[in-house]
Structure formats: structure tokens, C-alpha cells
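Note that this is a predicted model, so its numbers are computed, not measured. In what follows, residues are counted from 1 in the order of the sequence shown.
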Amino acid sequence: MSKQTFLRGTLFLILAGLITKVLGFINRIVMVRVMGEEGVGLYMMAVPTLILTITLTRMGLPVAISKMVAEADAEGNRQKIKQILIVSLSITTVLSVIFTTMMIFAAPFLSKEVFTDERTFYPLVAIAPVVSIVALSSVLRGYFQGLQNMRPSAYSQVIEQIVRICLVAVLTGAFLPYGVEFAAAGAMISVVLGELASLLFMFSMFKMKKRIKIRSGFFNYLKGGRGTFNSLMKISLPTTGSQLIGSLSYFFEPIMVARSLAIAGVATTLATKQYGHLTGLAIPLLFLPTFITYSLQVSLVPAISEAHAQKQYKQIQHRLSQAIRLSMVAGGLSVVITYIFAVPLMDIMYNAPHVAIYVQVMAPFFFFYYFQGPLAAALQALDLAKAAMINSFIGAGVKLLAIFFLASRPELGIMGAALAIVIGILLVTLLHFATLVKAIGFSLVVSDLLKGVTSIIATGFAGHFLYQTFSSSSTDLLGTVLAISVTSIIYFVILLLLGLINRHDLRRMPFIGKFIH
């Protein structure tokens with residue numbers, strides 16, 4: 001498994017991300033069908049705590065490892081790479097033990113006093129073991145990504161989802177007779193086992209390469225790793241700050257929503273169900289293109305770090321422009337499909353057409369979210385992680401305040417929380433872009449932007465016509481699939497005609513390029 005080019009490595013991750021997203025939707029559909037909307041609400045209330053704990057455990061190390069390994073690899077310094085791995089594994093091992101223990105002991109307090117629904121105790125305890133697993137696998141991912149070898153990361157994502165989807169129906173069904181809270185815990189156990197399979201695969205890939213033997217001279221490298229530790233912390237702490245702000249915001253989000261809905265007169269059980277509608281059903285559909293933007297984000301850090309170390313500033317601009325263009329292309333199609341086909345998609349997948357209104361309100365604003373990951377990755381690679389952290393802090397603060405003021409209004413309720421989330425997204429994306437403009441004079445390619453907007457509008461009209469033509473009802477699966485497929489084809493034809501996608505891009509795609517001469 002060798003080093004790939006920026007675009008080819010990104011496309012491997014995109015392909016794996018697409019498979020992962022499809023499997024993830026199947027997984028979520030199974031969860032909704034087996035344990036109902038209330039069970040999904042309990043599951044989603046526990047997830048922010050997990051994300052927060054993982055963020056604290058990883059300490060932003062994946063980004064730091066990827067950046068430092070890329071720089072050391074450019075210098076041909078294998079000993080430095082080994083020291084980076086040893087120091088990183090030591091840090092994450094210690095932190096994972098501490099925070100996993102804290103999570104288990106804090107579960108009774110969180111479930112009773114914070115989330116105001118004692119049933120969240122069981123999924124909180126069930127998910128605790130995954131913290132250590134994710135922390136260790138993230139170190140290996142950072143190593144492979146730093147070498148610009150994206151295949152292990154790509155394959156591990158798919159394996160994780162396959163294991164999870166094979167187990168979620170069995171575990172949730174087995175625990176459901178004991179109560180919906182136990183079914184939610186069963187879903188969490190499937191997450192743990194999926195992540196464990198992913199870690200074992202990553203470790204086997206690492207062992208197969210036989211380029212670095214971790215156990216050889218482990219303590220000597222660790223003792224002499226103070227400089228490496230300081231370098232890792234210089235990058236990881238601001239990155240952690242940015243991620244921690246997002247995780248804290250996500251952690252406080254269900255708390256703020258529950259409290260605000262209580263002020264608006266919504267009962268606890270109904271509030272749990274409505275939060276499950278918003279975050280468990282609507283937002284995951286809007287997150288669909290993020291497998292592309294995440295892939296770009298992962299590939300950008302080592303690519304821009306390497307170019308920055310070699311003072312290739314034109315290359316930095318080129319890579320970032322590529323990432324923005326691909327984000328726009330992916331996000332544009334997502335906006336069209338999720339807005340126009342929201343009702344049939346929610347009905348077919350979850351038997352919940354009433355949730356479509358959240359999707360339609362948020363979809364146009366989520367277009368900005370698809371740029372956020374690549375912009376943040378560029379800031380981290382350019383040693384501007386502190387600025388990204390400040391931007392995230394401002395956005396998170398505004399979002400939580402907006403949730404309180406909007407969701408507590410009886411006429412808005414949970415829709416107020418949806419509006420608050422998109423306000424935060426808009427603000428952070430614009431702040432990231434402004435920071436890059438100030439730092440490196442980055443500017444958007446206006447012609448690409450105009451072409452992208454034109455493609456979205458034209459496809460939107462076509463999609464609306466096709467929806468009315470092919471979909472006889474919101475449960476018409478064949479008609480909906482046909483309409484979405486034709487809409488997607490029209491979109492890509494328009495992109496080709498306008499030059500946003502060209503033959504050069506297609507040649508670089510795995511499994512496609514070899515057919516284009």
C-alpha cells in the first residue's frame with residue numbers, strides 16, 4: 001500500500017465514505033424500525049457525551065500525527081515517525097483509561113440530573129468501552145494519513161459499519177423486551193463491536209507493513225520524546241480546543257433543547273422524541289455529503305502540511321481550491337435532493353414524513369456546512385488551529401444562545417432548535433473563510449461559484465418536475481428512486497457541460513479512470 005496523490009487518496013476515502021453512509025442509513029433504519037422514535041431519542045441523547053469523551057481522549061492527536069508524520073516522511077526521517085507513534089499511543093492509552101472510568105461513574109448523575117431522563121443511564125454505560133478503542137485506532141489512522149496512504153482508513157470505515165449493521169438488529173431486538181432503554185444500550189454495544197473490528201483491521205495493516213516495530217526500544221523512545229510531545233501538543237491542543245468546543249456544544253445541545261422545550265410547555269417524553277426526530281432522523285440525511293468533505297479534510301492536512309513545509313504556496317492555493325470545488329459539487333446535489341425529496345425519503349426510510357419539514361428548512365443552509373471541514377483542515381495544516389478554535393467557540397456560543405431563545409418559544413419549539421443549529425453553521429463557516437482570506441489571501445474562483453449556483457438552480461427545477469412526474473405518493477419507492485437517479489444524472493451532465501467536472505478529474509477516480517482514455 002503506497003502513498004497516493006491528493007486527489008486519488010481523497011477519492012478512495014470518498015468511495016469508502018459513500019459505502020459507509022449507505023450502510024449507516026440502513027443501520028439507522030433498522031434502529032428506528034426495531035426500537036421506535038423514543039429509543040432513537042435516548043440513543044441520540046447519549047451520543048453527545050460519547051463524542052465529548054472521545055474528543056478529550058484523542059486530544060486532537062490524529063491531526064497532529066498526520067501533520068508531523070507527513071513532514072517527517074518528506075524528510076525521510078523514519079526514527080522521528082516511530083517516536084511520534086510511541087508518544088501518541090502512550091498519551092491516548094493513559095487518557096482513555098481516565099475518561100472511560102469517569103464516563104462510567106458519571107453516568108448516574110448525567111442521566112438523572114442533566115438529561116432529565118434516567119433511562120439514558122443504560123446507553124451511557126454501554127458505550128463507555130468504545131472510548132479506548134476509538135482513541136487507539138485514531139492514532140493508527142493519523143499515521144497512515146500522514147503517509148498519504150488512505151486505503152487502511154477507507155477499508156476500516158467500511159468494516160466498522162458492516163459489523164455494526166450485522167449486530168444492531170440482533171442486539172436491539174434481544175434487549176427490547178426489557179425496555180426501550182435496554183434496546184438503546186444494545187445499539188450502543190453494536191457500535192463498540194464495530195469499532196473494535198475497525199481497530200483490529202488497522203492494527204493488522206500496520207503489522208503487515210513491517211516498517212516500524214513499536215516494541216523495539218519503546219521506553220528509550222518514550223524517554224527521549226519530550227520534544228516530540230511538545231510538538232504534538234503545539235498542534236493538538238488548539239485542534240482539541242476547536243473540537244472540544246464543538247463536542248461541548250453538542251453535549252449541551254440536548255440539555256439546552258430539553259430545558260427550552262420544558263419552558264415552552266413540552267413534556268419530557270415528547271421532548272426526547274422530538275430531539276430524536278431532529279438529530280436522529282433529519283440531520284443525518286443532511287450530513288450525507290460529509291463523507292466527501294471529511295475525505296477532503298483528512299487528505300488536506302498532510303497535503304497542505306507538506307506543501308507548507310516546502311514553501312509551495314501555489315500548491316496550497318491549488319489544493320484548497322480543489323477541495324472547495326468538490327465540496328460545492330457534492331453539497332449542491334445534496335441540497336437539491338434533500339429539499340425536493342424530503343417527504344418521500346423520510347416516509348420510505350423511517351415512516352416519518354412529518355420530520356421532512358426540518359430537512360426542508362435546514363437543507364439550503366447546510367450547503368455552507370459542506371465547506372466547513374476543508375476550511376478547518378486548511379487552518380490546522382497552516383498552524384492556524386487556534387484561530388479555528390476561536391471561530392468554533394463563537395459559533396457554538398451563538399448556537400446555544402439561539403437554542404435557548406428560539407426553542408423556548410411555544411410557537412417554534414423544536415423548530416427553534418433547528419434554526420439555531422443552522423445559525424451556528426453559517427457563522428463558523430464564514431469565520432473560517434475570513435480567517436483564510438486574511439492569512440494567505442485565499443479567494444474563491446468566482447466563475448466556479450457561479451457555475452455551481454447555476455447547476456443547483458437548474459437541477460432544482462428539473463428535480464421538482466421529476467418528483468411530480470414519477471412519484472405517485474410519498475411511499476412510492478420505485479418512483480422516488482427513479483426521480484432521484486434522473487435528477488442526479490441531470491446534475492452531473494450540467495456540471496460536465498459547465499466544466500466543473502472534467503475528463504482530467506474522472507481519469508483520477510478509482511475504477512473509473514482506467515476506462516477513460
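- Within the 4.5 Å cutoff, side-chain heavy atoms of Leu278 are placed close to those of Ile421.
- Rounding to the nearest 0.5 angstrom, the gap separating the CZ atom in Phe201 from the OH atom in Tyr155 is 7.5 Å.
- Counting heavy atoms from C-beta on, the side chains of Asn351 and Asp347 come closer than 4.5 Å.
- Using a 4.5 Å heavy-atom threshold, the side chains of Ile340 and Thr487 count as separate.
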Using the side chain to side chain contact (heavy atoms under 4.5 Å, CB included) rule, take Leu426 and Phe365 through it: C-alpha gap first, then chi angles, then the decisive distance, then the call.
-> CA-CA 7 Å; Leu426 281 169; Phe365 301 100; 3.7 Å; yes

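- Taking CD1 of Ile133 as the reference point, atom OG1 of Thr100 lies at 9.0 Å (rounded to 0.5 Å).
- Residues Phe371 and Phe433 place their aromatic rings such that the two centres sit no closer than 6.0 Å.
- Considering only heavy atoms from C-beta on, Tyr358 comes within 4.5 Å of Ile414 through its side chain.
- Paired with Ile484 under the rule side chain to side chain contact (heavy atoms under 4.5 Å, CB included), one option of Val336, Ile337, Ile489, Leu333 passes, and it is Ile337.
- Residues Tyr370 and Ser334 come closest through the heavy atom pair OH-OG, 3.2 Å.
- Distance check: Leu431 CG to Leu375 CG gives 11.0 Å after rounding to the nearest 0.5 Å.
- Nearest heavy atoms, Ala187 versus Met35: CB-CE, 4.2 Å.
- Side-chain atoms of Ser137 come within 3.5 Å of backbone N or O of Val134 as a donor-acceptor pair.
- Considering CE of Met389 and CG of Leu384, their distance stands at 12.0 Å, rounded to 0.5 Å.
- In terms of heavy atoms, Ile490 sits closest to Ala462 at CD1-CB, 4.0 Å.
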Mind running side chain to side chain contact (heavy atoms under 4.5 Å, CB included) on Leu320 and Leu436 for me, showing each step along the way?
-> CA-CA 10 Å; Leu320 192 49; Leu436 273 175; 3.7 Å; yes

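- Residues Pro123 and Tyr43 fail the side-chain proximity criterion, which asks for heavy atoms closer than 4.5 Å.
- Within the model, atoms OG1 of Thr172 and CZ of Phe182 stand 14.5 Å from one another, a figure rounded to the nearest 0.5 Å.
- Qualifying side-chain hydrogen bond (donor to acceptor under 3.5 Å, both in side chains) partners for Gln372, counting only residues two or more places apart in sequence or in other chains: Thr429.
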Listing, residues 279-288 side-chain donor-acceptor contacts under 3.5 Å, not counting sequence neighbours, or none:
from, atom 1, to, atom 2, distance (Å)
Thr279, OG1, Tyr275, O, 2.7

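- Within the 4.5 Å cutoff, the side chain of His354 has no heavy atoms near those of the Met346 side chain.
- The structure places CZ of Phe109 at 12.5 Å from CG of Leu124, a figure rounded to the nearest 0.5 Å.
- Looking at every heavy atom in both residues, Gly332 comes nearest to Tyr491 through CA-OH, 3.6 Å.
- Nearest heavy-atom pair across Val192 and Ala126 is CG2-O, 3.6 Å.
- Considering only heavy atoms from C-beta on, Ile127 comes within 4.5 Å of Met103 through its side chain.
- Side-chain contact between Val398 and Val428 is absent, with no heavy atoms from C-beta onward closer than 4.5 Å.
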Where do Ser392 and His432 land on the side chain to side chain contact (heavy atoms under 4.5 Å, CB included) test, with the steps shown first?
-> CA-CA 9 Å; Ser392 299; His432 281 351; 4.2 Å; yes

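- Panel note: side chain Thr459, backbone Ile456; no donor-acceptor pair is recorded below 3.5 Å.
- Of all the heavy atoms in Ala363 and Val335, the pair that sits closest is O-CG2, 3.6 Å.
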Please lay out, stage by stage, how Ser198 and Arg141 fare under the test side-chain hydrogen bond (donor to acceptor under 3.5 Å, both in side chains).
-> CA-CA 11 Å; Ser198 175; Arg141 280 198 176 92; 3.0 Å; yes

Side chain to side chain contact (heavy atoms under 4.5 Å, CB included) evaluation trace for Phe367 with Met328 = CA-CA 8 Å; Phe367 183 64; Met328 179 171 60; 3.8 Å; yes

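- Within 6.0 Å of the NZ atom in Lys451, the count of heavy atoms belonging to other residues, nucleotides or ligands exceeds 12.
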